[in-house]
Amino acid sequence: MKTSTTFSILFWVDFSRAKKEHASIYARITVNGKRTTISLKRKVLITDWDIHKN
């Protein structure tokens with residue numbers, strides 16, 4: 001019997017919580033359809049974040 005495992009990581013910036021010019025970076029890790037979201041405890045300038053490349 002063959003088992004299939006899925007894994008993905010998505011990085012994004014939460015612009016709705018941005019303060020001044022900086023926004024926090026988050027990561028969503030998905031394994032076999034189960035998701036968890038974590039804060040990377042890093043901030044980035046909003047103007048430096050490329051929405052299309054994450």
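Numbers here are sequence positions counted from 1.
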Which side-chain N or O atoms in residues 30-40 pair as donor and acceptor under 3.5 Å with protein atoms at least two apart or in another chain?
residue, atom, partner, partner atom, Å
Asn32, OD1, Thr6, N, 3.0
Ser39, OG, Lys41, N, 3.2

Using distance only, find each side-chain donor-acceptor pair of residues 13-28 under 3.5 Å and give its atom names and separation, not counting sequence neighbours.
residue, atom, partner, partner atom, Å
Asp14, OD1, Ser16, N, 3.3
Asp14, OD1, Ser16, OG, 2.6
Ser24, OG, Lys43, NZ, 3.2

Hphob cluster co-occupancy, Ile46 + Val44, side-chain heavy atoms under 4.5 angstrom = yes
